[in-house]
Amino acid sequence: MSQKNHESHSHLFLPIRPERVSEKVAGQLKKVISDGVFRVGDRLPSERELAERMGVSRPSVREALQQLEMQGILETVRGGGSIVKNLTEQQIRSPMEVFLGDDPQMVLEVTEVRAFMETWAAKQAALHRTEDELKRIQALLEEMERDLEKGRIRYEIDFKFHSEIAAATHNTFFVHLIDNLHQLVSYSIKVHREQVFTARQDQETIFRHHLRVFKAIKDRNSAEAEAAMGDHLRFVVEEFKRWAQAR
């Protein structure tokens with residue numbers, strides 16, 4: 001190769017630098033978080049356990065955890081240990097909370113966005129869910145049924161049901177985004193359960209909706225899962241609209 005050709009290609013290549021052990025550890029941790037092995041709010045194994053599993057020193061693990069904390073991926077919690085942070089929280093949640101507050105119209109608008117997103121999620125969950133994920137969704141549905149027998153489905157269980165469906169999409173960005181949105185509309189979910197859907201008939205309707213969604217996901221029927229979730233959330237939005245207009 002001539003000197004001229006050598007010089008013209010020199011900008012294509014960069015020096016290779018040795019990778020530190022802590023960077024390799026951080027890379028593995030980011031991979032398992034990206035793959036959804038550890039979800040938002042999950043606590044990672046201890047430094048000692050991570051070091052043993054990866055065959056590295058604890059200082060290397062500690063440095064990797066510090067790197068991920070600085071990047072906003074992990075958060076150190078009281079009592080020791082690290083949990084997975086919501087990757088979209090800093091960019092979206094704080095300014096949105098200022099506007100949202102307890103304004104029913106703003107809550108309604110966020111709920112409408114949630115309805116659009118979760119309809120897609122149900123479809124994807126039907127296509128990609130694992131047996132373990134299906135069991136978790138079913139366990140929450142059974143808990144809803146026990147609540148119904150007592151008179152009212154707790155909004156916390158409803159929240160978890162939808163969160164498990166989101167996780168079953170296996171779309172890491174979506175899981176973090178919808179978790180953030182769920183936090184924003186947690187007020188509206190509570191209102192739906194405690195002020196809007198007070199009649200026994202409403203509670204039974206909500207349970208039937210969730211049962212239909214579950215069956216479609218279980219059968220891997222993506223079109224039915226999408227339709228079932230869409231029908232459920234349209235019902236929720238319309239009932240909430242009536243409630244808000246009457247205030």
Side-chain angles (χ1 to χ4, degrees), residues 16-94 117-118 121 124-144 146 154-184 186 214 217-218 220:
I16 303 297
R17 65 178 181 84
E19 191 175 26
R20 299 171 62 178
V21 173
S22 61
E23 292 174 343
K24 292 182 178 180
V25 172
Q28 282 199 39
L29 291 174
K30 282 193 283 189
K31 180 66 166 58
V32 295
I33 292 170
S34 175
D35 289 346
V37 177
F38 293 100
R39 305 176 186 175
V40 175
D42 283 352
R43 184 187 291 265
L44 295 185
S46 66
E47 285 183 8
R48 179 181 59 78
E49 187 175 352
L50 288 172
E52 289 176 356
R53 290 186 184 184
M54 297 184 188
V56 298
S57 67
R58 287 184 65 175
S60 293
V61 171
R62 188 175 304 118
E63 186 176 347
L65 294 173
Q66 290 170 350
Q67 289 176 24
L68 296 182
E69 184 172 3
M70 290 178 63
Q71 293 170 16
I73 296 172
L74 298 179
E75 178 181 4
T76 301
V77 294
R78 181 179 297 180
S82 301
I83 62 170
V84 179
K85 290 185 66 177
N86 186 311
L87 301 183
T88 64
E89 184 174 14
Q90 294 179 6
Q91 288 73 24
I92 297 176
R93 187 175 177 187
S94 295
M117 294 173 67
E118 292 204 41
Q124 295 302 310
L127 294 172
H128 302 297
R129 59 87 177 162
T130 65
E131 289 301 315
D132 284 343
E133 287 165 341
L134 185 67
K135 288 177 182 177
R136 286 195 289 269
I137 296 170
Q138 182 175 8
L140 290 166
L141 184 68
E142 291 170 353
E143 197 161 352
M144 284 186 190
R146 289 192 291 272
R154 287 168 292 162
Y155 77 93
E156 301 96 323
I157 304 304
D158 184 284
F159 181 94
K160 290 179 181 178
F161 181 88
H162 287 270
S163 295
E164 285 295 339
I165 290 174
T169 67
H170 293 200
N171 183 308
T172 303
F173 179 77
F174 177 82
V175 170
H176 285 261
L177 187 61
I178 199 67
D179 176 79
N180 191 38
L181 197 61
H182 279 163
Q183 296 298 330
L184 284 171
S186 61
F214 167 74
I217 292 173
K218 180 181 179 181
R220 298 193 184 277

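These figures come from a predicted structure and were not determined experimentally.
- In this structure the side chain of Gln124 never reaches within 4.5 angstrom of the side chain of Asn171, judged on heavy atoms.
- Between the Asp42 side chain and the Arg39 main chain, a donor and an acceptor come within less than 3.5 Å of each other.
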From CA spacing to verdict: salt bridge (Lys or Arg N to Asp or Glu O under 4.0 Å), Glu75, Lys85:
CA-CA 6 Å; Glu75 178 181 4; Lys85 290 185 66 177; 5.2 Å; no
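- Distance check, rounded to the nearest 0.5 Å: CG of Leu134 to CZ of Arg220 gives 8.0 Å.
- Distance CG/Leu68 to CG/Leu74: 4.5 Å, rounded to 0.5 Å.
- Considering every non-hydrogen atom in both Gln67 and Ala26, the closest pair reads OE1-CB, 3.7 Å.
- Judged by distance alone, with hydrogens and angles left aside, the side-chain atoms of Ser60 form no donor-acceptor pair with the main-chain N or O of Val56 at under 3.5 Å.
- Contact of the Leu65 side chain with the Leu29 side chain is registered, since non-hydrogen atoms from C-beta on lie closer than 4.5 Å.
- You'll find the side chain of Glu164 reaches within 4.5 Å of the side chain of Leu140, heavy atoms only.
- Formation of a donor-acceptor pair under 3.5 Å by the Gln28 side chain with backbone atoms of Val25 is not found in this model.
- Met117 is listed as a side-chain neighbour of Leu177, based on a closest heavy-atom distance under 4.5 Å.
- What you find for Ser22 and Ala64 is that their closest heavy atoms are O-CB, 3.3 Å.
- The side-chain heavy atoms of Ile217 and Glu133, taken from C-beta on, include no pair separated by under 4.5 Å.
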side-chain contact (heavy atoms from CB on, under 4.5 Å) between Leu127 and Thr169, intermediate numbers included:
CA-CA 8 Å; Leu127 294 172; Thr169 67; over 6 Å; no
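- Looking at Glu49 and Arg53, a side-chain N of the basic residue comes within less than 4.0 Å of a carboxylate O on the acidic one, giving a salt bridge.
- One finds the CD1 atom of Ile73 at 5.5 Å from the NZ atom of Lys30 (value rounded to the nearest 0.5 Å).
- Residue Met144 holds its CE atom at 5.0 Å from CZ of Phe161, rounded to the nearest 0.5 Å.
- Under the rule for a side chain to side chain contact (heavy atoms under 4.5 Å, CB included), the partners of Glu52 that lie at least two apart in sequence or sit in another chain are Arg48.
- Atom CZ of Arg136 and atom CD of Glu131 lie 11.5 Å apart (nearest 0.5 Å).
- Contact annotation: the side chain of Arg43 approaches that of Val77 to within less than 4.5 Å [non-hydrogen atoms, C-beta and beyond].
- A 4.5 Å side-chain heavy-atom check between Ile83 and Leu44 finds every atom pair outside the cut-off.
- In this structure, the side chains of Phe38 and Ser82 stay at 4.5 Å or more apart for every pair of heavy atoms.
- Residue pairs meeting the salt bridge (charged side-chain N to carboxylate O under 4.0 Å, His left out) criterion with at least one partner in residues 62-74, sequence neighbours excluded, are Arg20-Glu63, Glu47-Arg62.
- Within the model, atoms CD1 of Ile137 and CD of Glu142 stand 12.0 Å from one another, a figure rounded to the nearest 0.5 Å.
- In this structure, the salt bridge (Lys or Arg N to Asp or Glu O under 4.0 Å) partners of Glu143, at least two apart in sequence or on a different chain, are Arg154.
- Nearest approach of Ala166 to Val175, heavy atoms of both residues: O-CG2, 3.4 Å.
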